There are 2 protein chains.
Amino acid sequence: MKKRPAVTIDNFDLKILQLVQVDNMMPQRVIAERIGLSPPAVARRLQQLRESGVIRKDIAIVNETAVARPLTIIVHVTTENERLDLLDAMKDRFLRSRQVQQCYYVTGEMDFILIVNVKDMAEYNEMTRELFFEGGNVKSFRTCVSMENVKTNGPIPL
Amino acid sequence: MKKRPAVTIDNFDLKILQLVQVDNMMPQRVIAERIGLSPPAVARRLQQLRESGVIRKDIAIVNETAVARPLTIIVHVTTENERLDLLDAMKDRFLRSRQVQQCYYVTGEMDFILIVNVKDMAEYNEMTRELFFEGGNVKSFRTCVSMENVKTNGPIPL
DNA sequence: AGCAATTCGCAAAAAAATTGCACATCTATA
DNA sequence: TATAGATGTGCAATTTTTTTGCGAATTGCT
C-alpha cells in the first residue's frame with residue numbers, strides 16, 4: 001500500500017514557520033542557528049513546507065498609502081438567492097476583482113464580507129456598480145470605511 | 001535646505017511591487033529580465049522600497065488548516081465609550097492578541113472589525129472572555145464564522 | 001550649455017542556497 | 001536479535017544569488 005503524503009509537522013517546522021511568518025527574507029543560516037539545526041536541514045524543511053502547501057505563498061506587503069491607494073473598506077454583502085451556482089458565480093466575481101483583497105463567505109445574516117482597497121470613493125462607487133449592481137444576486141450591501149488599519153497580516157499563532 | 005526623503009515611485013518600482021507582492025522569493029535576476037533592468041538596479045530599488053517603508057514587510061503565508069487552526073472568525077465590536085484613551089487601550093489589546101490577525105477601526109454603528117484565527121470554538125470563547133468581557137469598554141460584539149475563505153492576501157492593484 | 005545629482009550596467013566579490021554523500025536514528029519484520 | 005528500508009542530519013563542495021565598486025550615461029536645474 002502506498003503511503004499518503006503524510007504532512008507531518010514537528011517542532012522544528014513550527015519554529016521555522018513562526019520565523020518566516022514574520023520575515024521570510026531571513027537567511028536560512030540565521031533560522032538554523034536560532035532553532036538549532038544546520039542550514040541545509042532548514043532549507044530542506046522549507047522546501048517541503050512550500051511544496052506541501054503548508055506555506056501557501058511568500059509575499060511582500062506593500063504600504064497602501066505609499067502607493068496612493070489609502071482607503072480600506074469593509075463591505076457586508078447579502079445575497080438574493082443562495083443557490084449554489086449563483087453563490088459560486090459571486091465568489092468568482094469577488095475573487096477576480098482587483099480591489100477585493102479578501103473575501104469571506106460567512107454564516108449569519110450577511111453572506112459575504114469583503115475587504116477592499118481603493119484609491120478614493122469614486123473608485124469604490126464604480127466598483128460597487130460593477131460588483132453589486134451589474135453583477136446580480138446582491139440583495140443589499142453595507143459599507144464600513146476603515147479609519148485606521150490597527151493591525152494587518154498578523155501571524156497565525158503556533 | 002535639506003531635501004526630504006522624497007519617496008518617488010516610478011513605473012519600474014510599480015512593476016517590481018506588482019511582482020514581489022505575489023512572490024517575493026522571485027530572484028532579482030528574473031525580476032530584472034521581466035521589467036527590463038539589470039539585477040543590481042532591481043536590488044537597489046528593492047532595498048530602497050524596503051527602507052522607505054513602501055514595502056512594509058516580507059512574510060510567508062501559512063495554511064491555517066495545515067497547522068490545525070482552521071477557524072476564521074469575523075467579529076464586530078461596539079464600544080461603550082469613545083474616549084480616546086479608552087479606544088487606544090482597546091486597539092492595544094487587539095493588537096497584542098495573538099488570535100487577532102487583523103483589526104480595523106471603522107465608521108458606522110460598529111467600531112471595530114476583527115479577523116480572528118482560532119483552532120476551535122473553545123479557544124474563541126476564551127478569547128472573547130479575555131478580550132471583550134474582562135478587557136472592558138465593549139458594549140456588544142457580533143460573531144460571524146467564515147465557512148470559506150474565498151480570497152485572502154490579494155495584492156494591491158498597481 | 002554646463003554642472004550636480006542620480007541611476008545605470010558591468011564585473012568582481014561576498015553571501016546564500018543547493019547538492020552529493022556518508023553517517024545516525026527509527027521502524028517494521030524476518 | 002538482527003537487519004533492511006526509509007528518513008533525516010551535518011559537512012563540504014558547488015551553484016546561484018545578492019551585493020559592491022566604479023566608470024559611463026542620463027536627468028534635472030540654473
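Quick note on labels: first sequence line is chain A, next is B, and so on, each numbered from 1. Just so it is clear, the structure is predicted and the values come from calculations on it, not from any experiment.
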Could you note down all residue pairs passing ring-ring contact (aromatic ring centres under 6.0 Å, His included) where residues 44-89 of chain A supplies at least one of them, sequence neighbours left out?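 Pairs touching residues 44-89 of chain A that pass the test: A/H76-B/H76.
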A/N137 side chain to A/N81 backbone, donor-acceptor under 3.5 Å: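 Present.
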How long is the line joining [atom1] of [X] and [atom2] of [N], in whole Å?
| X | N | atom1 | atom2 | result |
| --- | --- | --- | --- | --- |
| B/F12 | D/dT26 | CZ | P | 13 Å |
| A/D10 | C/dC26 | CG | P | 14 Å |
| B/I31 | C/dG9 | CD1 | P | 14 Å |
| B/Q28 | D/dT19 | CD | C1' | 8 Å |
| B/N11 | C/dT7 | CG | P | 15 Å |
| B/L46 | C/dT7 | CG | P | 15 Å |
| A/R45 | D/dG10 | CZ | P | 9 Å |
| A/M26 | D/dT18 | CE | C1' | 18 Å |

So, does B/Q47 get its side chain near the phosphate of D/dT18, meaning an N or O under 4.0 Å from OP1 or OP2?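 Looking at the OP1 and OP2 atoms of D/dT18, neither is under 4.0 Å from any side-chain N or O of B/Q47.
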Does C/dT7 have its OP1 or OP2 closer than 4.0 Å to a side-chain nitrogen or oxygen of B/Q48?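 No, outside the criterion.
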Please classify the nucleic acid contact of B/P40 as base, sugar-phosphate, or nothing, using heavy-atom distances under 4.0 Å.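 It contacts base atoms.
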Among D/dT9, D/dT17, D/dT20, which nucleotide sits nearest the side chain of A/A41?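 Of D/dT9, D/dT17, D/dT20, D/dT9 is nearest to the side chain of A/A41.
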Select one nucleotide: of D/dT9, D/dT19, D/dT17, the one nearest the side-chain heavy atoms of A/L37.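 Taking heavy atoms from C-beta onward, the closest nucleotide is D/dT9.
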Residues A/D120, A/R69: salt bridge by 4.0 Å N-O rule: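 No, A/D120 and A/R69 are not salt-bridged.
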Give a yes or no on whether a donor-acceptor pair under 3.5 Å exists between the nucleobase atoms of D/dG10, that is its base, and the side chain of A/R44.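 A donor-acceptor contact between them is present.
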Cation-pi, B/Y105 ring and B/K91 (6.0 angstrom, 45 degrees):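 Checked: cation-pi criterion met.
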With heavy-atom distances below 4.5 Å as the criterion, would you say the side chains of A/F112 and A/Y104 are in contact?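 No, every pair of side-chain atoms sits at 4.5 Å or beyond.
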